[in-house]
Amino acid sequence: ILRKRAECWGPARLGKGTSETFLQLLDEAEHCPLINDLERGELASDRALHYLWQADYYAANHHSREAEGRFEKGGDRERYLLQLLHHIYVYLSLGDMANAHGNIEKAKQVLVQVGTSLGEAESNCALAEILLQQGRYREAVSAFDRGREMTAQLGEHIPMCWCQIYTALA
């Protein structure tokens, strides 16, 4: 419950990424003695997003890695897939194209196993970001278009909007 309350104050919600309430609630949640490893992964993922929005990319990288490990170890393949994809944005912010590529390749392998529509849509969005960073604009626009169409069909408005924005920029 504390993590869910914290998410209401997180970077993409009420707190706009600078909320002390967000961090306080995450701290409280982390100190709960009976939370499992997957829940700790969710907490690490939330912290990674916070630090990404704060432009503290090294801290975001640390927490993204922790979240990936916990989801993989805990066997939550779908959540592991989404964390791999979210971590790509941290790598791109660090200018670490090699690890961004590595994560998209891992994500493709997991996607074959999981077969989730949201994972496929987010994979297109992440791939488009990599292509955009490489200056491969036509390929990026095509991947953004696929991602935008898929996220629109799924009702995932936030990634759909980002795809639209980046398509306009490319």
Side-chain angles (χ1 to χ4, degrees), residues 7 9-19 22 41-72 76-170:
E7 288 174 355
W9 292 96
R13 304 288 192 271
L14 300 173
K16 303 294 186 228
T18 59
S19 175
F22 172 74
E42 293 292 349
L43 293 166
S45 180
D46 286 343
R47 281 198 185 275
L49 180 61
H50 170 76
Y51 288 115
L52 178 62
W53 280 68
Q54 293 293 314
D56 186 345
Y57 305 125
Y58 294 101
N61 189 37
H62 168 77
H63 291 287
S64 288
R65 276 195 202 140
E66 179 185 346
E68 280 176 22
R70 290 184 185 277
F71 295 137
E72 184 177 29
D76 189 336
R77 303 298 286 165
E78 186 171 346
R79 193 60 191 85
Y80 174 58
L81 168 66
L82 293 176
Q83 189 62 41
L84 285 170
L85 295 170
H86 294 165
H87 199 166
I88 288 170
Y89 302 107
V90 175
Y91 286 135
L92 291 175
S93 297
L94 287 166
D96 187 348
M97 197 61 73
N99 276 320
H101 274 286
N103 265 35
I104 199 75
E105 291 304 316
K106 285 182 202 174
K108 286 178 186 177
Q109 293 171 2
V110 176
L111 183 59
V112 169
Q113 299 165 359
V114 175
T116 172
S117 298
L118 178 58
E120 186 177 349
E122 295 243 5
S123 292
N124 277 302
C125 298
L127 175 61
E129 292 255 5
I130 292 171
L131 294 169
L132 183 66
Q133 293 286 329
Q134 293 175 327
R136 297 164 61 186
Y137 301 115
R138 286 187 182 161
E139 293 169 89
V141 168
S142 178
F144 278 129
D145 283 343
R146 282 192 309 274
R148 184 179 38 80
E149 289 171 15
M150 294 177 79
T151 53
Q153 289 175 354
L154 294 169
E156 294 289 335
H157 301 293
I158 293 172
M160 179 189 71
C161 289
W162 280 112
C163 285
Q164 186 65 39
I165 290 167
Y166 279 115
T167 299
L169 293 175

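None of these values were measured; they are calculated from a predicted model.
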Report summary line: side-chain hydrogen bond (donor to acceptor under 3.5 Å, both in side chains) test vs N124 passes for just one of R146, R148, E149, E129, namely R146
Nearest heavy atoms of [X] and [Y], plus distance in Å:
X    : Y    : result
L127 : I104 : N-CD1, 3.9 Å
A100 : I130 : O-CD1, 3.7 Å
G147 : C163 : C-SG, 4.0 Å
G119 : L82  : CA-CD2, 4.2 Å
V90  : S64  : CG2-OG, 3.8 Å
C125 : Y89  : C-OH, 3.7 Å

Query - Polar side-chain atom of N103 near backbone of L84 as donor-acceptor pair, under 3.5 Å - result: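 Such a contact is found between N103 side chain and L84 backbone.
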[Y] and [X], any side-chain heavy atoms less than 4.5 Å apart:
X    : Y    : value
Y91  : M97  : no
Q83  : R70  : no
L94  : Y58  : yes
S117 : Q153 : no
H101 : Q134 : yes
H87  : N61  : yes
F144 : L132 : yes
H86  : L52  : no

Enter the distance from [X]:[atom1] to [Y]:[atom2] here, rounded to the nearest 0.5 Å.
X    : Y    : atom1 : atom2 : value
H63  : L49  : NE2   : CG    : 12.0 Å
E72  : R77  : CD    : CZ    : 6.0 Å
Y137 : T167 : OH    : OG1   : 14.0 Å
R47  : E66  : CZ    : CD    : 9.5 Å
R136 : L131 : CZ    : CG    : 5.0 Å
I88  : E122 : CD1   : CD    : 10.0 Å

Query raised in the report: Under 30°, 30 to 60°, or over 60°: which ring-plane class applies to F22 and H50, parallel, tilted or perpendicular?
Result: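 F22 and H50: tilted rings.
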Query raised in the report: Which is it for F71 and E42 under the side chain to side chain contact (heavy atoms under 4.5 Å, CB included) test, yes or no, and what are the steps along the way?
Result: CA-CA 8 Å; F71 295 137; E42 293 292 349; 3.8 Å; yes
Requested in this report: Begin from the C-alpha positions of K108 and E105 and carry the test salt bridge (charged side-chain N to carboxylate O under 4.0 Å, His left out) through to its verdict.
Outcome: CA-CA 5 Å; K108 286 178 186 177; E105 291 304 316; 3.4 Å; yes
